[in-house]
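Okay, so here's the structure we're looking at.
None of these values were measured; they are calculated from a predicted model. Counting begins at 1 with the first residue of the sequence.
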Amino acid sequence: MTENITGAEALMRSLEHEGVKTLFGYPGGSIMPVYDALFDHKQTLNHILVRHEQGAVHAAQGYARVSGEVGCVLVTSGPGATNTITGIADAMIDSTPLVVICGQVGTSLLGTDAFQEVDLVNVTSPITKWSYQIRRPEDVAWAVSRAFFIAKSGRPGPVVLDFAKNAQVAKVDYKPENVDFIRSYTPDPRPTEEAICQAVKLINSAQRPFVLVGQGVELGNAGNELLQFIEKINAPAGCTFLGMSALSSDHPLNKGRLGMHGNLGPNVMTNKCDVLIAVGMRFDDRVTGNLQKYARQAKIIHLDIDPSEFNKNVKVDVAVLGDCKKTLKLITEQVAPANHAEWIAGFDQYEKKEFDSVIDNAIHPKEGPLRMGEIVRKVSEATKNSAIMVTDVGQNQMFACRYFKFTKPRSVVTSGGCGTMGFGLPAAMGAAFGASDRTVCLFVGDGGFQMTIQELGTIMEHRIPVKIVLMNNNYLGNVRQWQEMFFNHRYSFTPMVNPDYELIAKGYDIPCQTVTKREDIDAAINKMLTTDGPYLLQCAVMEEDNVFPMTPPGANIDEMLLEFNNDKGC
């Protein structure tokens, strides 16, 4: 049975049909009919009014990352739409499923440079899985269903719907659509028996296997399959930036994080293994370092759902195309049990070296200013390592990812491929809505915090229980570290003159405390975590602290620096 309704009302019905519960947005002229329709759906569609459209997209990203659902955004045309571009690009490279719905001028005005007209489809086509302009109300139900199907299937990603105003107000005989097939689009490719057999053969012959765990494991809900696989073949594993919570931090086969600021053992052993098994990761340059000398000694098996990732950066010996939940299971069923105790024990020397040279002083400093590492570890332990860790970008991100620990999946929300400063605060808001039963801890620096600080207004309005840990070093810390190490201490425009964050928090009615002394930090963290609603804990940290280990740009991944000598350099 059909009902004659407006295109705007058809959008509301279609969103409900897709199971949308929460959306983040900001109204404006070209989307006003939709917001008028939304007024009658407030009981079923929980709309969160953000303070900037970029915040809406990052919030939707945080929501999607922790919930496994599609994040939904609603904004107006022109600057409202273009303000979403950074978040859309971030979502594309980090494989986050979003549907971003933007208002547009009426079709009769397209191409006339009308007020707040932007050719959004062409602007966003390179950074979305699909970008489409809805010009008729008859296309609303189909476009919405197709958008959600594309966003969440295969390798997830963002979709943009550009909704012309005339299509919002015109009437249509509405009937919900269910798009589950698109010609020439194969989101769930079937793995070939040949590829599975080749992978099994290589794994069975391995003396020094090493598994690289990417975010694809979590996107594919394949945590159990991963665990069964690595335990059966008794292989150590290293995690990428976005894949850190796919494997519990305390699992004996989890040897830590890969990459530029990862752990020493996984990086060194990458260039010593004989079979490298990459699962749901894309061989990012921050993971590989110098490609010419990356794992040259190893046979490489790559499991991924996206065929474009095979041989893009690293030449592989076996490409296993398919959903890793399925491909891991197929391989595990056929591989022989193994014992690689001696190979695994080889990681111990590097773990000890890193602990003695870097970690011990980072999390247990004996004197001096507060260190970011100790704050992160204390917060993690205070939450029994079960919280969702959200970060902004910079040193706060690197320290958080190094020293936070994980016991549950979907616990990492950070900007990986794009490295978007300002991501953290709105993403933490979204995460709090996406996993309302869990504690959300945001680690943010003074630089990134100010980029989206207006979202404190959203937190205030909804009393979103985000625990904000502001690690204030009065610098753009990551850039400052590079200036110290590679630009002869020339701190060009990285020192920060900061506002009074306690006064700002007070203005937004958010409890705040500033800690400067080590003996006060435990009590302050406890107060933050036990206070209902949002909380801002400002920590005055060492101004010139550096993140180590570090693989310098252009170096081999196993050429990690454990310290920086101010007199002798690297």
Side-chain angles (χ1 to χ4, degrees), residues 199 202-214 229-230 233-244 246-247 252-304 309-320 338 340-359 398 401-402 416 485 547-564 570:
L202 274 182
I203 293 167
N204 283 342
S205 68
Q207 299 298 309
R208 302 183 305 281
F210 189 32
V211 181
L212 310 187
V213 180
F229 172 63
I230 64 172
I233 67 170
N234 192 225
C239 299
T240 67
F241 213 39
L242 297 179
M244 289 186 296
L247 189 60
L253 291 175
N254 187 348
K255 297 303 176 183
R257 191 162 67 83
L258 305 158
M260 176 177 280
H261 285 299
N263 294 108
L264 181 62
N267 285 332
V268 171
M269 299 302 250
T270 293
N271 279 359
K272 291 188 175 184
C273 68
D274 61 355
V275 175
L276 194 65
I277 308 152
V279 186
M281 52 88 73
R282 57 188 177 85
F283 290 109
D284 175 73
D285 62 288
R286 291 297 176 96
V287 165
T288 64
N290 182 357
L291 280 170
Q292 302 306 312
K293 296 187 178 180
Y294 178 78
R296 305 298 290 180
Q297 79 295 336
K299 297 290 186 181
I300 299 178
I301 303 167
H302 191 180
L303 283 64
D304 210 286
E309 290 299 338
F310 295 138
N311 301 309
K312 185 177 79 174
N313 296 323
V314 173
K315 175 71 175 173
V316 303
D317 297 277
V318 179
V320 182
H340 299 290
E342 185 177 349
W343 161 240
I344 294 170
F347 284 77
D348 294 347
Q349 60 178 313
Y350 300 108
E351 289 178 10
K352 184 179 187 309
K353 184 176 182 180
E354 182 179 353
F355 183 84
D356 292 343
S357 301
V358 178
I359 297 175
M398 299 300 132
C401 290
R402 280 188 56 79
M485 296 177 67
V547 188
F548 287 106
M550 178 182 183
T551 301
N556 301 337
I557 197 61
D558 55 357
E559 296 176 339
M560 300 197 80
L561 305 175
L562 297 179
E563 62 180 354
F564 176 73
C570 301

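- Interatomic distance, K353 NZ to I359 CD1, rounded to the nearest 0.5 Å: 13.0 Å.
- Nearest heavy-atom pair, A295 versus L276, reported as atom, atom and distance to 0.1 Å: CB-CD2, 4.0 Å.
- Distance check, rounded to the nearest 0.5 Å: CE of M281 to CG of L303 gives 11.5 Å.
- One distance of note links CG of L247 with NZ of K255; it measures 11.0 Å at 0.5 Å rounding.
- Looking only at distances, a side-chain donor or acceptor of R402 sits under 3.5 Å from a matching main-chain atom of G262.
- For N290, the side chain to side chain donor-acceptor pair (under 3.5 Å) criterion is met by N556, not counting sequence neighbours.
- Closest non-hydrogen pair, G238 versus L258, comes out as O-CD1, 3.6 Å.
- Considering only residues two or more places apart in sequence or on other chains, K352 meets the side chain to side chain donor-acceptor pair (under 3.5 Å) condition with D356.
- Summarising the geometry, atom OH belonging to Y294 is positioned 6.5 Å from atom CD1 belonging to I300; distances are rounded to the nearest 0.5 Å.
- At least one side-chain heavy atom of M244 sits under 4.5 Å from a side-chain heavy atom of C401.
- Note: F564 CZ to M550 CE = 10.0 Å, rounded to the nearest 0.5 Å.
- Here the side chain of T240 pairs a donor or acceptor atom with the backbone of G243 at under 3.5 angstrom.
- In terms of heavy atoms, I230 sits closest to V211 at CG2-CG2, 4.0 Å.
- Between the side chain of E559 and the backbone N or O of T551 there is no donor-acceptor pair closer than 3.5 Å.
- Between I557 and N271 there is a side-chain heavy-atom pair separated by less than 4.5 Å.
- Under the 4.5 Å side-chain criterion, counting only non-hydrogen atoms from C-beta, P209 is not in contact with I203.
- Considering only residues two or more places apart in sequence or on other chains, K312 meets the side chain to side chain donor-acceptor pair (under 3.5 Å) condition with E309.
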Worked check of side-chain contact (heavy atoms from CB on, under 4.5 Å) between I301 and D317 | CA-CA 6 Å; I301 303 167; D317 297 277; over 6 Å; no
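- Two residues are said to be in side-chain contact when any heavy atoms from C-beta on lie closer than 4.5 Å; F241 and R286 fail this criterion.
- Residues that satisfy the side chain to side chain donor-acceptor pair (under 3.5 Å) test with K293, not counting sequence neighbours, are absent from this structure.
- Every residue two or more places apart in sequence or in another chain that forms a ring pair (Phe, Tyr, Trp, His ring centres under 6.0 Å) with F347 is listed here: F210, W343.
- Contacts classified as salt bridge (Lys or Arg N to Asp or Glu O under 4.0 Å) and involving residues 274-284 (residues at least two apart or in different chains) are given here: R282-D284.
- What you find for A199 and V318 is that their closest heavy atoms are N-CG1, 4.0 Å.
- Distance alone, capped at 3.5 Å, places no donor-acceptor pair between the H302 side chain and the V279 backbone.
- Between M560 and P549, the shortest heavy-atom distance links the atoms CE-CB, 3.4 Å.
- Using modelled atom types, one side-chain atom of N267 and one backbone atom of G259 make a donor-acceptor pair closer than 3.5 Å.
- Rounding to the nearest 0.5 Å places NZ of K299 at 14.0 Å from CD1 of I277.
- V213 and A237 make their closest contact through CG2-CB, 4.0 Å (heavy atoms, listed as atom of the first residue, atom of the second, distance).
- When side chains are defined from C-beta on, N263 counts as touching E354, because their heavy atoms get closer than 4.5 Å.
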